[in-house]
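Presented below is the structure to which this report refers.
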Amino acid sequence: MSGSDKAFGELYKNYTQFLYEYGMRFTSDSDLVKDCIHDLFLKIYKQRKTLIRPANIKVYLLVSLKNQLLNVLKQSSRYQQSDDEEGFFSFSLSVEEEYIEDERQRMERQLVDSFLSVLSPRQKEVIYYRYLQELSIQDICLLMNINYQSAQNLIQKALSNLRSRHNIPLLLPFLILCS
Amino acid sequence: MKKDYRTYKAQDLLQDETFLSAERNRSDRGDTVWDLLASEDKLFAEELMAARKILNDLREETKTNRMSQQEESLLWNRIDSSVKKYKQSQRNRMIGWTAVAAACLLIVGFNLSHWLNLSDESIDYASIITQTIPNSPDADITLFHSDNKEISMSGKEAEVDYDGGYVHFKTESSAEEKKEEVENKLNQLVVPKGKRSFVTLTDGTRMWVNAGTVVVFPTEFDGTKREIYVEGEVYLEVARDENKPFIVKSRQLHVEVLGTKFDVSAYNEDEFHHVTLVEGSVQVAMPAGRKLPLTPNQQLCYKNETKMSVRMVDNMHHLAWINGYYEYKDQTMDAVLKGLGKYYGKEITFDRLVTRLVCSGKLDLRNDIREVLAILQDAASIGVDYYEDKIYVYVKS
């Protein structure tokens, strides 16, 4: 971090949507996510002179936001029905949004939901990092606090779950080709 | 290619760094080594297709949950002003050293009192409420403030706004407006049957007050929490403040929130009291000390510790009153009449056949009860008789 205000603004512009989207996978409370992003950026600004430029800013931001969110969520776990860390990560939309969305969108949503519903929350999380954020296994280890081998196993398991989901429709064009 | 990809399954492909980075930059021409391989080997083609479909489905999924531009710039403004405050505080650090020390002491003091529960002086609201709900249709919406002063307003709706030591009181059309100085004391707003009010509290919380309700709230929320008391029904959009939880008390239930949208219906004459959560999260404390969290679209129906339930409400028709409507869908006519009777504070009786009529619709609550019933009469085959203060509804044959 150069310490200049301009760089700080750039950092916000480049990463805020990304962080928001990420944060919303842990909670449906968008104000809470915004609060945490606010706190995260303020923390970065305060530490701008002492902060060693992290090897991967993206991963640094993800780790920081995740820790912050989980801290708040745990503290206020009395407001949550599930305070089990495993249950936090989600690919599906929050209830409020489902309530607002129209029927067609909801149908689409349900399709994706069923596609991902074969995964456990941790499997969803690992798939999200690997294929949507395109992070390396090393970075994923850092984010999920697991070792290299477990990360790989988790991915392996998630993929074969997804695959078994996909088998049936994919066989169809193949059969037509053969006949 | 050094590896023999022909034996690769979709899972293997998805874990292959070379494959992933090639897919990231893939054009649609279908001329990658994998496409070539697939054209020779049908089994591999299937695996390739599966791998790409999984990647594709995942990417489709990620296009959700963006902030609007306005949200994004609002958040930036917040961060920016915090940064400026921080810079300012850095400049004043030396000067403010003693102040910091004092603040630390304060924080310690606050925490201690919090621990020892010293700050938890509970107010006996039920005894504070001096006002009863007038039942006459001509009664005014009245605000009692600053110990003995009162402002009242005729009209079906009133808007109450607090601003720098003053309270503004106006009717919906702003036809009438009053402004008075207020002390930092408890206020009581009395909304008679058949009327509604909208209040903006000093912390920015927005409150809709339904007919037949008394609500007690302070002019300013000092202390460690924001607390109001209600007999009747209010719908709240609470301004978020992590450090000052917002508590809505009724005779039986205490609802604690940080920032969210919800409805509390606690009419003394009702058998069941309701808390309905629209957005966010709330926690309801019951008289015996049990605490129950609610998630959006859940409604708590409470009579006593043994007679209570939580149910999902899939529509919010019953909250249409905040927009000035009475809305119902596929409801029996007797339920609609009961709802109207409650809103207008009138006793409506009906013959048994009325329970067989099912209706849907929207009624404007700014009309008085005769007008509303006349509209219903036009829509359904019912007749209405008025006997002094009572109303009788029957099915026309």
Side-chain angles (χ1 to χ4, degrees), chain A residues 5 8-9 12-13 16-17 20-25 28-35 37-39 41-42 45-46 72 76 78-81 91 93-97 99 108-109 112 115-116 127-128 130-132 134 136 152 155-156 159-160 162-163 165-167 169-171 173-174 177-178, chain B residues 9-12 14-15 17 20-21 24 42-43 45-47 49-51 53-55 57-67 71-72 74-76 78-80 82-83 85-87 90 240 242 256-261 278-283 291 293-298 314-316:
Chain A
D5 288 357
F8 185 67
Y12 176 81
K13 232 195 273 167
T16 179
Q17 284 291 359
Y20 178 77
E21 194 270 335
Y22 175 64
M24 289 300 285
R25 292 183 188 277
S28 59
D29 188 343
S30 77
D31 284 341
L32 175 66
V33 173
K34 286 180 198 164
D35 287 349
I37 294 176
H38 167 269
D39 295 349
F41 276 95
L42 190 61
Y45 186 86
K46 285 181 183 170
V72 177
S76 63
R78 57 204 180 103
Y79 290 101
Q80 297 277 331
Q81 266 174 335
F91 260 116
L93 276 185
S94 64
V95 185
E96 297 98 300
E97 278 160 312
Y99 177 64
E108 281 173 10
R109 175 64 43 204
V112 182
F115 163 66
L116 290 159
I127 288 291
Y128 171 81
R130 188 74 179 109
Y131 299 106
L132 297 174
E134 297 172 345
S136 70
Q152 269 192 325
I155 294 174
Q156 178 78 42
L159 286 176
S160 54
L162 284 178
R163 182 60 210 274
R165 254 281 159 177
H166 275 67
N167 251 344
L170 279 167
L171 270 177
F174 182 62
L177 280 176
C178 288
Chain B
K9 300 268 172 242
Q11 294 96 298
D12 306 321
L14 286 171
Q15 288 184 86
E17 205 58 58
L20 287 177
S21 67
R24 245 166 258 159
K42 276 177 185 160
L43 275 172
E46 193 200 333
E47 295 301 323
M49 217 155 80
K53 180 150 192 339
I54 289 173
L55 271 184
D57 284 354
L58 286 170
R59 286 198 186 121
E60 289 287 298
E61 200 286 324
T62 194
K63 291 170 191 156
T64 55
N65 280 332
R66 287 181 66 82
M67 278 187 276
E71 282 179 297
E72 195 181 330
L74 273 175
L75 181 56
W76 170 250
R78 256 179 75 195
I79 293 171
D80 198 40
S82 297
V83 162
K85 248 186 243 163
Y86 171 72
K87 279 189 201 160
Q90 288 301 95
R240 178 173 280 276
E242 300 284 340
E256 188 177 334
V257 307
L258 292 177
T260 183
K261 300 177 183 175
V278 177
E279 205 179 291
S281 58
V282 302
Q283 168 147 289
K291 291 187 171 181
L294 291 182
T295 55
N297 285 28
Q298 279 188 337
D314 52 358
N315 62 62
M316 294 290 169

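Naming convention: chains lettered A, B, ... in sequence-line order (proteins, then strands); numbering from 1 in each chain.
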- Note on the structure: From the list B:E17, B:Q11, B:E71, the residue making the most non-hydrogen contacts under 4.5 Å with chain A is B:Q11

- How are the rings of A:Y128 and A:Y22 set to each other: parallel, tilted or perpendicular (split at 30° and 60°)? parallel

- Sorted by chain and residue number, the ring pair (Phe, Tyr, Trp, His ring centres under 6.0 Å) partners of A:Y20 (sequence neighbours excluded) come out as none

- Separation between CD1 (B:I79) and CD1 (A:I37), nearest 0.5 Å, reads 7.5 Å

- Short N-O contact, A:K46 and A:D39, less than 4.0 angstrom: no

- Note on the structure: Counting heavy-atom pairs under 4.5 Å with chain A, the top scorer among B:R78, B:K9, B:E242 is B:R78

- Query: Which region of B:L20, side chain (C-beta onward) or backbone (N, CA, C, O), has a non-hydrogen atom less than 4.5 Å from a non-hydrogen atom of chain A, or is it both or neither?
  - Reply: side chain

- Max heavy-atom pairs within cutoff under 4.5 Å with chain B, candidates A:I155, A:D35, A:V33, goes to A:D35

